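The structure displayed is predicted, hence computed values, not measured ones. Ligands are counted one by one from 1 in listed order, and the atoms in each one are counted from 1 as well.
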Amino acid sequence: MSRSANHREYHIVVLGSGGVGKSCLTAQFVQGIWIERYDPTIEDSYRKQCDVDGRQVILEILDTAGTEQFTAMRELYMKSGQGFLLVFSITSSSSLKELSELRDQLVNLKDDPHVPIVLVGNKSDLEEDRAVSRAAAFAVSSGWGNVPYYEASARTRQNVTEVFVDVCRQIMHKDLQNGRTGTSHGGEERSRRRRDEDGAEGDRKKGRRRNKCIIL
Ligand SMILES: Nc1nc2c(ncn2[C@@H]2O[C@H](COP(=O)(O)OP(=O)(O)OP(=O)(O)O)[C@@H](O)[C@H]2O)c(=O)[nH]1
């Protein structure tokens with residue numbers, strides 16, 4: 001059972017090709033900072049406490065490598081995650097195409113066509129460089145069983161909180177459907193580096209509730 005004190009813990013994995021903005025989205029959500037430089041990730045994990053629809057939860061977020069040489073690790077990430085952000089850049093049509101293979105692998109591994117997924121078209125601030133239309137991205141998300149699609153920008157913070165909260169809601173909903181009050185996660189010890197950082201979080205109102213997050 002993944003619990004800390006009275007908090008339920010949910011494991012979110014951020015997947016997508018190299019350079020689409022996975023680390024920047026994660027840094028904006030967890031630390032409230034914008035990172036201009038490109039420093040390819042190997043693997044980073046973060047923890048953040050959030051209030052999602054009135055429930056205190058801890059999100060453990062795994063920011064993964066997009067570069068080819070680390071693809072062997074993907075299966076492990078997929079097994080350990082409960083919810084997934086599949087991120088592409090709206091400036092790169094190949095980055096969207098590559099996600100279909102990832103989604104298929106995920107569904108096969110989990111043996112679940114309804115695995116919690118959010119499709120994220122990042123870099124929405126670069127409208128002038130857009131290579132993927134909204135319609136094309138929606139067509140993909142519909143083909144995946146109507147998974148939610150958001151256009152986001154790690155630079156402007158557009159929809160940054162929303163994508164993490166959405167996938168968390170999906171995991172919580174799945175738990176309820178399965179009749180569980182918390183999530184079992186195998187309790188395996190993780191050897192990877194954990195970065196628990198300080199930073200500010202700009203909360204946004206979602207519906208009638210306020211989702212508050214604290215970095216752990
Ligand atoms: N304009 C703009 N640039 C972005 C945005 N998100 C990320 N970038 C830039 O894109 C580059 C790559 O961002 P990262 O977050 O490192 O990309 P990544 O997907 O984590 O890359 P890997 O670690 O190689 O998998 C950086 O130079 C960022 O500043 C965004 O929303 N808008």
Side-chain angles (χ1 to χ4, degrees), residues 11-48 59-78 80-81 83-103 105-106 117-134 136-138 140-141 147-167 190 192-197 199-202 204 215:
H11 294 248
I12 295 173
V13 181
V14 187
L15 293 166
S17 307
V20 297
K22 298 180 296 297
S23 300
C24 288
L25 284 168
T26 306
Q28 267 293 17
F29 177 63
V30 176
Q31 299 161 267
I33 57 167
W34 160 244
I35 302 167
E36 185 80 47
R37 71 180 188 281
Y38 179 30
D39 180 14
T41 308
I42 296 176
E43 182 181 278
D44 285 318
S45 102
Y46 302 82
R47 283 166 69 82
K48 189 171 167 92
L59 302 185
E60 175 146 339
I61 302 163
L62 183 63
D63 172 24
T64 67
T67 44
E68 289 290 318
Q69 70 194 104
F70 298 110
T71 48
M73 295 296 291
R74 265 193 201 135
E75 203 169 305
L76 281 177
Y77 302 151
M78 289 178 176
S80 73
F84 300 85
L85 296 186
L86 267 57
V87 183
F88 69 97
S89 164
I90 66 152
T91 66
S92 159
S93 49
S94 61
S95 70
L96 174 58
K97 285 197 193 93
E98 285 163 27
L99 289 182
S100 288
E101 197 187 315
L102 278 185
R103 191 261 174 182
Q105 191 184 354
L106 196 49
I117 288 176
V118 170
L119 177 63
V120 184
N122 189 40
K123 307 198 185 183
S124 64
D125 56 295
L126 297 178
E127 188 59 44
E128 67 279 13
D129 298 324
R130 180 185 282 275
V132 180
S133 67
R134 281 190 178 79
F138 272 119
V140 170
S141 68
V147 309
Y149 171 58
Y150 290 80
E151 299 216 328
S153 169
R155 183 168 217 150
T156 66
R157 277 193 70 83
Q158 184 198 1
N159 282 334
V160 170
T161 301
E162 284 79 354
V163 297
F164 284 94
V165 168
D166 190 312
V167 78
R190 288 160 187 246
R192 65 175 177 257
R193 204 156 38 105
R194 171 175 290 174
R195 294 210 317 228
D196 300 338
E197 311 271 358
E201 163 64 6
R204 285 167 186 250
I215 301 139

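For the ligand labelled ligand 1, residue Ser89 lies outside the 4.0 Å heavy-atom shell. Taking 4.0 Å as the cut-off, Gly16 does not count as a neighbour of ligand 1 on heavy-atom distance.
Between Glu151 and Arg130 there is a salt bridge, since a side-chain N of the basic residue sits under 4.0 Å from a carboxylate O of the acidic one.
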Assess whether side chain to side chain contact (heavy atoms under 4.5 Å, CB included) is satisfied between Val140 and Leu96, documenting all intermediate values. CA-CA 9 Å; Val140 170; Leu96 174 58; 4.0 Å; yes

Test log, rule side chain to side chain contact (heavy atoms under 4.5 Å, CB included), inputs Glu43 and Leu62: CA-CA 7 Å; Glu43 182 181 278; Leu62 183 63; 3.7 Å; yes

Asp44 vs Thr26, side chain to side chain contact (heavy atoms under 4.5 Å, CB included): CA-CA, chis, key distance, verdict: CA-CA 10 Å; Asp44 285 318; Thr26 306; over 6 Å; no

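Annotation: side chain of Arg103 is not in contact with side chain of Phe84 (no heavy-atom distance under 4.5 Å). Counting heavy atoms from C-beta on, the side chains of Gln28 and Arg155 never come closer than 4.5 Å. Between Met78 and Leu15, some side-chain heavy-atom pair lies under the 4.5 Å cut-off.
Under 4.0 Å from ligand 1, the heavy atoms of Ser17 that appear belong solely to its backbone. Neither the backbone nor the side chain of Phe88 comes within contact range of ligand 1; no heavy atom lies under 4.0 Å. Contacts between Ile35 and ligand 1, counted as non-hydrogen atom pairs separated by less than 4.0 Å, involve the backbone only. Under 4.0 angstrom from ligand 1, the non-hydrogen atoms of Val20 come from both its backbone and its side chain.
For the pair Tyr149 and Gly121, the tightest heavy-atom approach, listed with the atom from each and the gap, is CE1-N, 3.5 Å. Between Ser141 and Leu119, the shortest heavy-atom distance links the atoms CB-CD2, 3.9 Å. Closest non-hydrogen pair, Ala152 versus Val120, comes out as CB-CG1, 3.8 Å.
Distances between N or O atoms of Ala65 and those of ligand 1 include no value under 3.5 Å.
For atom 14 (P) of ligand 1, the closest non-hydrogen atom of the protein is Gly21 CA, 3.7 Å. Of the protein's non-hydrogen atoms, the one nearest atom 16 (O) of ligand 1 is Tyr38 CD1, 3.3 Å. For atom 4 (C) of ligand 1, the nearest protein heavy atom (residue, atom name, distance) is Trp34 CH2, 3.4 Å. In this structure, atom 19 (O) of ligand 1 lies nearest to the protein heavy atom Lys22 NZ, 2.8 Å. Shortest contact from atom 6 (N) of ligand 1 to any protein heavy atom: Asn122 ND2, 3.1 Å. For atom 1 (N) of ligand 1, the nearest protein heavy atom (residue, atom name, distance) is Asp125 OD2, 2.8 Å. Remark: minimum distance from atom 15 (O) of ligand 1 to any protein heavy atom is reached at Cys24 N, 2.9 Å. Annotation: atom 26 (C) of ligand 1 to nearest protein heavy atom, Glu36 O, 3.6 Å.
In this pair, Phe164 and Phe29 present their aromatic rings parallel. The plane angle is below 30°, not in the 30 to 60° band.
The contact set between ligand 1 and Leu126, taken as ligand atoms under 4.0 Å from a residue heavy atom, comprises 1 (N). Shown in contact with Arg37 at under 4.0 Å from a heavy atom are these atoms of ligand 1, numbered in order with element: 26 (C), 27 (O). Heavy-atom contacts of Ala154 reach the following atoms of ligand 1: 6 (N), 30 (C), 31 (O) (cutoff under 4.0 Å). Against a heavy-atom cut-off of under 4.0 Å, Pro40 is close to the following atoms of ligand 1: 23 (O), 24 (O).
Across Lys123, Gln158, Glu151, heavy-atom proximity to atom 10 (O) of ligand 1 is greatest for Lys123.
Partner Leu86 forms a side-chain contact (heavy atoms from CB on, under 4.5 Å) with one of Val167, Leu106, Val13 and no other, that one being Leu106.
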